[in-house]
Amino acid sequence: MNQSAEIPRNTAQTPPPRTTEATETLRAALKVTPRTYRSSVSGQNVPSTCNYVLDSARDDFLQCPLESFYKHYLPFNPDKAVVAAALENLRVGGLLENGPDGAPCWRDFHGPQGETGTPEPQTYRPLKYICAVLQGGTIENRQPHCEFVEKPSSTTQSEQEGSSHMVGGYLRMTESTVPGHNADKEQSPTSDIAVVCEFRRDLERRLENRTQLLTDVVHGLNSDPCRNHMYGITIENQEMSIWYFSRSHCVVSDPFDFTKDHERFVAIVLSFLFANPGELGYDADLRRQRDENKDICYVYKIGDAYYRTISQIDEHQSGRVTRVWKAIEIKSANDLRIKDGAPEVVIRDIWLQDGARTEKAIQDSIFASLGKVAVLLNNEARLKDPGPDDDPRMIARINAAKSGADWVGALECVKNRRYGDYFLRIDSEGFGAKTKDKAPNTEPGADIFNPTKYPTVQAAKLPGANRSSIPTSTSNSPGHGEPRAPNVHREFSVRKRHFLVYTEVCVALQSLADYGDVLTGLEHAVMALRLLFLAGWVHRDISAGNILLYKPPGGTSQGKIGDLEYAREYVYDVGGTIGSDPKTGTAIFMPVEIQKSMTFFDPAENEIFSLTPPASPKPNPPPVIHNFGHDLESAFWIFLWLLARRVEPVCRHCVGDCGSWWEKVFQNSLEPSQEREAAFTRPWICFNRLLTHWTAGGLPEPFRLELANCVNYTVMTLFKAYKTRGDRFDEPQTYHDLYQSVEKTIRESRRYPDAKLRALSVFGQTGTKRKVDGPDEGGEKKRSRTADDDSYVLTRSQVESQGEDN
């Protein structure tokens with residue numbers, strides 16, 4: 001290896017930590033592909049997103065013995081001869097020497113300076129000189145791609161808005177990933193940070209050190225689409241740990257004393273310095289480029305085609321980030337000219353559990369089922385006398401739909417095979433890198449963020465160290481015999497990157513400015529849910545981001561449902577061998593039964609009204625299985641949320657009182673608030689709040705009362721179905737008449753002019769406060785009453801007499 005010149009002695013400071021509180025974990029899942037709930041944090045700034053992800057990730061960490069981490073997670077394992085040559089080079093450079101007892105020791109991490117006290121920013125600066133010597137060495141068939149940078153309290157340059165990011169130290173790519181970047185004159189781009197390093201000499205701040213590392217890595221992974229995984233290093237006094245962060249799991253090694261185990265330290269640093277970009281987590285099929293305006297764009301290789309991003313449509317910033325881009329096909333990875341005749345497309349970049357069905361496969365299965373329905377609808381004789389290969393459940397759903405006049409449109413749509421219009425069509429798909437599988441001997445890292453539980457020994461003589469206590473990797477440490485605290489069991493399955501290309505560029509419902517477009521999207525979404533009912537599928541993640549509006553040039557607006565990742569064929573196990581569904585979906589639109597993990601139907605409660613003696617023992621309530629009614633309930637919550645956001649209370653009392661109540665109804669939580677449950681189970685409370693809210697917002701009396709009545713009717717219909725269905729979850733007749741109740745509410749709100757429904761939020765978002773005007777003179781006429789109106793309309797006096805039970 002190359003020799004090194006004399007290295008200057010001693011001169012790393014870490015930024016203030018961003019700490020958050022740990023959150024609850026998800027409950028055990030059903031015997032299907034494990035899914036977790038979604039929480040939308042799109043649009044938040046980076047620190048806020050980091051706090052959310054930190055909360056979500058703390059209970060998901062694993063810990064493993066250092067040897068397992070070394071063999072399984074490091075980019076590569078340098079052989080012993082390479083490590084020995086590197087150690088010799090460090091001796092030549094004067095950085096590794098013999099101590100008073102003749103044992104090898106670091107020059108700058110041993111000796112009298114530990115007694116005098118050196119300022120903390122200078123304590124770990126010698127690592128820079130050690131890395132410089134190691135980087136100057138040689139390894140056969142490899143070259144160094146990283147260099148150590150130590151700039152305490154300096155910020156990095158990020159491509160993501162809302163960023164405020166400082167790193168104590170890092171290994172940076174020697175060749176920048178950002179085209180045209182000048183390393184001598186500009187800040188280091190976040191995308192160039194291959195390995196994040198955080199140091200704390202004071203052991204009382206080790207929790208801050210780990211939290212800061214997590215913040216650094218979350219920022220790096222979320223802000224860089226080109227990153228598959230990332231590494232980190234923490235040093236707390238003399239104890240060093242190595243971290244691996246991926247889209248499937250995160251793991252940290254047991255600590256080791258880097259001031260004594262020089263061979264292991266050098267092997268680890270060499271592995272990082274000489275790793276190639278792919279080994280360090282950079283995706284070979286995705287690269288950063290600059291477009292004709294010199295702005296950063298990303299080039300995706302999907303199959304044999306290349307696509308250049310135009311703008312970002314959406315992003316779910318969680319541990320497994322989903323990105324949605326508007327893009328266009330180009331000629332090659334380095335030729336950004338648009339391919340002749342290429343239309344704009346949408347690219348969805350997700351991480352899918354290895355072995356799980358892809359969204360395209362799910363969509364193809366849904367369309368195949370609807371194709372079978374079309375065959376039956378176009379063959380009346382076969383429908384009346386089905387053959388042995390015909391699915392009796394499909395026949396039952398078709399017959400249930402044919403019994404309702406409101407199903408004519410959906411049935412005609414299937415007969416004419418136009419069902420594809422109501423779903424976001426997938427044009428093509430591709431696959432990228434996979435995460436590493438879980439190493440042997442890994443265990444839940446219950447104590448990673450509770451270091452006070454670690455056994456302690458006397459601290460080593462680091463400059464100015466607090467010698468009260470220090471964790472050590474002795475036989476009493478976690479991972480060496482002492483049982484760790486129990487954690488929620490997860491499989492931590494391998495995940496693979498999955499790219500989807502859609503030819504229809506749509507706008508999500510939550511991003512639409514025109515209220516008429518919102519209602520169109522919702523109406524067509526309910527139609528899509530009717531089609532899923534006929535196909536025998538449930539979506540399980542109906543949200544304002546998954547309902548889309550497509551506006552073709554010169555054509556008619558069309559609402560669509562996308563993101564079928566969570567969709568599955570609905571089969572209720574009448575034998576009772578299946579467990580309750582896991583909580584899936586977007587939290588603020590999640591059905592209350594799913595949030596509570598229990599059904600509203602109570603067999604014991606029904607026995608009160610029975611003439612027969614109660615069963616002994618009392619029957620257990622049925623498991624909560626995501627059914628067709630739950631998808632409809634999510635659509636209803638979306639409608640209520642979007643409408644409540646657009647009617648602004650004008651008096652301070654209503655802003656503080658009613659607005660606060662709506663905030664509690666739409667909480668981003670796995671558990672329903674009392675207000676949300678009350679709004680669904682005691683609808684007059686919701687009804688009264690709506691009247692108060694809309695009165696303050698200036699909506700006219702006839703419209704206000706009738707719309708509130710429709711909302712009340714929809715809630716009662718959905719809730720009554722839950723209560724009276726019992727365990728007849730597989731009987732189509734218990735679902736088929738629910739769809740019109742949601743559609744009626746949507747149609748009723750369409751009667752009010754869009755110009756009157758201002759797109760202002762009542763949830764504490766800033767905006768110009770304006771009074772909502774009443775209808776124009778000679779405005780829209782009140783619709784004619786129908787016979788079924790009397791079945792659900794309550795007068796205002798009736799509502800007030802019932803009172804509010806919250």
Side-chain angles (χ1 to χ4, degrees), residues 18 20 36 38-39 41-42 44-58 60-62 73 75 146 156-167 170-173 177-178 188-198 210-234 242-252 272 275 277-288 296 298 300 312 314-325 348-352 432-436 492 494-499:
R18 303 183 184 103
T20 55
T36 54
R38 293 183 177 181
S39 176
V41 292
S42 304
Q44 295 184 13
N45 61 24
V46 173
S48 298
T49 300
C50 288
N51 286 340
Y52 163 75
V53 177
L54 292 177
D55 280 344
S56 303
R58 287 177 189 240
D60 289 344
F61 265 85
L62 298 171
Y73 290 107
C146 288
T156 60
Q157 188 181 66
S158 177
E159 297 157 18
Q160 186 172 359
E161 295 181 1
S163 168
S164 56
H165 187 52
M166 296 188 295
V167 183
Y170 46 89
L171 294 176
R172 180 180 65 188
M173 300 297 291
T177 61
V178 179
S188 294
T190 300
S191 58
D192 285 352
I193 299 177
V195 182
V196 178
C197 306
E198 290 293 348
R210 299 168 193 187
T211 302
Q212 184 61 53
L213 179 83
L214 283 177
T215 304
D216 299 338
V217 172
V218 167
H219 179 90
L221 288 174
N222 280 0
S223 64
D224 188 0
C226 302
R227 200 71 68 94
N228 292 325
H229 63 263
M230 201 166 177
Y231 290 99
I233 294 173
T234 52
I242 317 302
W243 304 67
Y244 168 80
F245 302 85
S246 76
R247 306 299 184 177
S248 67
H249 67 288
C250 305
V251 62
V252 58
F272 288 140
E279 291 170 328
L280 290 168
Y282 293 92
D283 198 313
D285 292 331
L286 180 56
R287 63 175 63 185
R288 187 179 280 95
I296 291 292
Y298 303 96
Y300 279 81
Q312 189 164 9
D314 194 18
E315 179 178 43
H316 296 283
Q317 292 183 346
S318 64
R320 291 175 277 275
V321 170
T322 293
R323 291 182 172 90
V324 184
W325 303 93
R348 189 160 173 261
D349 178 358
I350 66 174
W351 285 87
L352 187 69
K434 290 184 180 181
T435 63
K436 292 178 181 288
F492 296 101
V494 172
R495 288 184 175 262
K496 60 184 176 183
R497 203 161 187 176
H498 186 207
F499 309 115

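Hydrogens, waters and symmetry mates are skipped; everything else that's a heavy atom, side chains included, is used.
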Practice problem: Show the numbers, then the answer: is there a side-chain contact (heavy atoms from CB on, under 4.5 Å) between L214 and F61? | Solution: CA-CA 11 Å; L214 283 177; F61 265 85; 3.1 Å; yes
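- The CE atom of M173 lies 5.0 Å from the SG atom of C146; values are rounded to the nearest 0.5 Å.
- Once rounded to the nearest 0.5 Å, the distance linking CG of N222 with OG1 of T190 reads 11.5 Å.
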Quiz item: Is there a side-chain contact (heavy atoms from CB on, under 4.5 Å) between V251 and F492 once you walk through the steps?
Solution: CA-CA 11 Å; V251 62; F492 296 101; over 6 Å; no
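- The shortest non-hydrogen separation linking I233 to L213 is O-CD1, 3.9 Å.
- For the residue pair S191/T177, the side-chain donor-acceptor check at 3.5 Å is satisfied.
- Summarising the geometry, atom CG belonging to D224 is positioned 4.5 Å from atom CZ belonging to R288; distances are rounded to the nearest 0.5 Å.
- Side-chain contact annotation: Y170 with D216, donor-acceptor N/O pair under 3.5 Å absent.
- Here the straight-line distance linking atom CG of L286 with atom OH of Y298 works out to 8.5 Å at 0.5 Å rounding.
- Between L352 atom CG and R497 atom CZ the span is 13.0 Å, to the nearest 0.5 Å.
- Side-chain N or O atoms of H229 include one that pairs as donor or acceptor with a backbone N or O of E279 at under 3.5 Å.
- The shortest side-chain heavy-atom distance between L171 and Y231 does not fall under the 4.5 Å cut-off.
- Although no hydrogens or angles enter the test, the distance criterion places no donor-acceptor pair under 3.5 Å between the side chain of R247 and the main chain of W351.
- Residue S188 comes nearest to R172 through the heavy atom pair OG-NH1, 2.8 Å, listed as atom of the first residue, atom of the second, then distance.
- How far CG of L221 is from CG of N228: 9.5 Å, rounded to the nearest 0.5 Å.
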Practice problem: Decide yes or no on side-chain contact (heavy atoms from CB on, under 4.5 Å) for Y244 and H249, but give the supporting numbers first. | Solution: CA-CA 8 Å; Y244 168 80; H249 67 288; 4.1 Å; yes
Exercise. Give the intermediate values and the outcome of side-chain hydrogen bond (donor to acceptor under 3.5 Å, both in side chains) for residues T435 and S248.
Key: CA-CA 7 Å; T435 63; S248 67; 3.1 Å; yes
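- Residues F272 and I242 are in side-chain contact: their nearest non-hydrogen atoms beyond the backbone lie under 4.5 Å apart.
- The minimum heavy-atom distance between T322 and R348, with the atom names listed, is CG2-NE, 4.0 Å.
- Y282 meets the side chain to side chain donor-acceptor pair (under 3.5 Å) test with R227; sequence neighbours excluded.
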